[in-house]
Amino acid sequence: MSSLQFYNSLTRQKEVFSSLIPGRVGMYVCGPTVSGESHLGHARPFITFDIVYRYLRHLGYQVRYVRNITDAGHFEEEGRESEDKISKKAILEKMEPMELVQKYTNLFHWAMREFNNVEPSIEPTATGHIVEQIVMIQRIIADGYAYEANGSVYFDVEKYHRDFSAKGMQYGILSGRVLDDQLETTRELESQEEKRNKADFALWKHAAPEHIMRWQSPWGEGFPGWHIECSAMSNKYLGAEFDIHGGGMDLQFPHHECEIAQSAVCNHKIPAKFWLHNNMITINGRKMGKSYNNVIKLSELFSGTHEILTQGYSPMTVRFFILQTHYRSTLDFSNEALQAAEKGLRRIWEAFTQLNKLVISENNISAGDPDLEQKCFEVLNALDDDMNDDLNTAKVLAGLFELVPVINSIKDGLIKANALTTATMQMMKEKFNTFLVDIFGLRDEKKHDDQKLGAVLQLIAEIRKDARTKKDYATSDKIRNQLLEAGIQLKDEKDGGLSWELV
RNA sequence: GGUCCUGUGGCCGAGUGGCUAGGCAGAGCUCUGCAAAAGCUUCUACAGCGGUUCGAAUCCGCUCGGGACCUCCA
């Protein structure tokens with residue numbers, strides 16, 4: 001079997017993954033800013049890295065997965081308004097800042113549960129780590145790579161670049177940006193005069209009097225810059241050097257680039273070995289974001305209450321939709337695509353359910369259909385390789401879909417039960433379970449397990465069967481049609497049995 | 001303007017120098033009292049133009065189109 005490879009943004013190539021400490025993995029993923037409700041675009045990294053987390057654990061690693069909550073807020077428009085995003089909205093809504101933060105944190109957690117994302121090992125908050133951030137800033141100042149100006153502290157990018165290029169940690173190492181170009185093209189912003197250089201970024205910002213969220217620091221009352229929180233928290237919980245740092249591609253620059261610079265000064269190392277970035281979700285070809293005014297919040301997505309939605313899409317449909325594309329490709333949203341995902345998910349899940357119900361004959365050593373046996377065996381074996389190839393979930397799903405007709409045919413008796421060997425049948429069950437449930441985190445959203453409903457339907461099935469035997473189709477059709485209206489679809493099986501599905 | 005990514009059939013999307021990806025939709029057939037589901041078969045492809053090659057959707061160049069980042073951003 002192949003070994004796991006990730007595309008590393010830092011080296012711009014696929015690399016075989018190996019952890020710094022055998023058997024253990026440290027992973028940091030940039031979490032949400034809880035100044036508003038999460039939207040569809042936010043779902044992608046958290047689902048993507050949930051898959052990474054699940055897969056690494058599946059491979060036997062003990063993983064510490066750290067995903068922060070940004071609750072201190074960074075600047076909406078750095079310099080110009082110099083205002084804390086979170087406290088700004090809190091004033092509008094007349095809420096305590098922490099009340100607002102709590103509200104959106106709760107909503108975020110709700111969405112994560114809906115998506116069936118495994119909880120991270122540690123979910124640190126920026127406000128809970130002000131001290132660590134201040135200490136880190138002091139260290140950077142002491143080493144001469146940051147300076148104070150009017151109660152704010154800025155990172156000296158040019159000096160850092162000059163000194164650290166020789167150590168192979170030039171500014172731009174991750175994003176491929178050339179600092180000289182930066183210096184020319186960075187926009188003019190009002191409080192730029194505090195900075196020695198346009199490319200410098202804030203480590204600490206002086207708080208204007210109207211600021212609600214503020215903390216004491218050696219430089220007066222203020223609040224931390226955006227980039228420092230991730231550096232401080234990843235360093236605290238994962239150490240100076242850890243295995244994986246993840247986030248959206250839009251964070252590659254400047255956020256992750258700045259993280260590297262900060263950590264490099266403090267620890268003389270690039271903090272993470274592997275940098276993984278998921279691509280964006282677009283809507284009509286445009287990135288989903290506030291500035292484009294095309295945001296679909298997750299609650300709207302699930303309920304269908306947004307003007308561009310023709311219906312609601314369940315969390316598992318969205319999850320499946322995301323999995324059908326490679327994480328480094330852009331994914332374009334459309335009602336058509338989501339509806340296709342919904343149907344595709346239902347199809348594969350139905351086959352999976354049937355597969356688990358199949359009774360596998362024991363000790364069938366010779367396949368009744370050697371060609372089919374061979375084909376299934378190859379498809380099943382390719383699954384791990386595809387997953388190892390930089391998490392090609394799309395290809396894994398395509399492989400599973402190839403087996404769907406086989407499963408359905410066995411169930412319907414179109415393929416003989418002894419066509420496949422016992423070993424292959426068991427492998428099929430195992431792989432479907434492993435990938436769909438354990439690694440992809442899909443789950444049944446319908447309530448099949450309602451025992452009372454099951455009992456009632458059992459009775460109705462018998463009544464309907466009697467009617468059909470007597471060729472009283474008026475009665476049997478009435479039962480079926482009325483139940484369909486009630487959201488229960490009856491299906492007559494080939495063997496005379498009856499199955500139902502909540503629709 | 002700078003840096004980078006991308007252009008696959010009606011839609012969404014994998015992909016590799018030579019082998020049908022897959023899903024959804026469409027068409028036909030089978031099964032069925034009729035449905036539904038399912039099975040089988042099937043129609044639409046690799047933006048354009050050159051080049052490298054025995055052979056390219058896959059490599060190179062150019063043209064055209066789309067996007068991301070350079071500012072908060074998942």
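Letters A, B, ... are given to chains in the order of the sequence lines, protein chains preceding strands, and every chain is numbered from 1.
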- Could you tell me whether A:Lys287 and A:Asp250 make a salt bridge, using a distance below 4.0 angstrom between a side-chain N and a carboxylate O?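 Between A:Asp250 and A:Lys287 there is a salt bridge, with a charged N closer than 4.0 Å to a carboxylate O.
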
- Salt-bridge present (A:Lys416, A:Asp369; N to O < 4.0 Å):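 No.
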
Between atom [atom1] in [X] and atom [atom2] in [N], what is the gap in whole Å?
{"X": "A:Lys343", "N": "B:G13", "atom1": "NZ", "atom2": "C1'", "answer": "17 Å"}
{"X": "A:Lys395", "N": "B:G13", "atom1": "NZ", "atom2": "C1'", "answer": "14 Å"}
{"X": "A:Asn408", "N": "B:U30", "atom1": "CG", "atom2": "P", "answer": "20 Å"}
{"X": "A:Leu251", "N": "B:A74", "atom1": "CG", "atom2": "P", "answer": "7 Å"}
{"X": "A:Leu331", "N": "B:A14", "atom1": "CG", "atom2": "C1'", "answer": "13 Å"}

- Item | Within 6.0 angstrom of A:Lys429 NZ, more than 12 heavy atoms from elsewhere |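 Buried by this count: over 12 neighbours within 6.0 Å.
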
- Message: Taking the minimum atom-to-atom distance to the side chain of A:Asp477, which one of B:C34, B:C12, B:A36 wins?
- Response: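 Nearest to the side-chain atoms of A:Asp477, counting from C-beta on, is B:C34.
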
- Message: Does the structure show a Watson-Crick or G-U wobble partner for B:A68, both distances under 3.5 Å? Name it, or say none.
- Response: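 WC or wobble partner is B:U3.
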
- Item | Separation between the P atoms of B:A47 and B:G13, rounded to whole Å |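 Nearest-Å result for B:A47 against B:G13 at atom P: 15 Å.
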
- Query: For A:Arg347 and B:C24, is the shortest distance between a side-chain N/O and OP1 or OP2 below 4.0 Å?
  - Reply: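 Yes, because at least one side-chain N or O of A:Arg347 sits under 4.0 Å from OP1 or OP2 of B:C24.
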
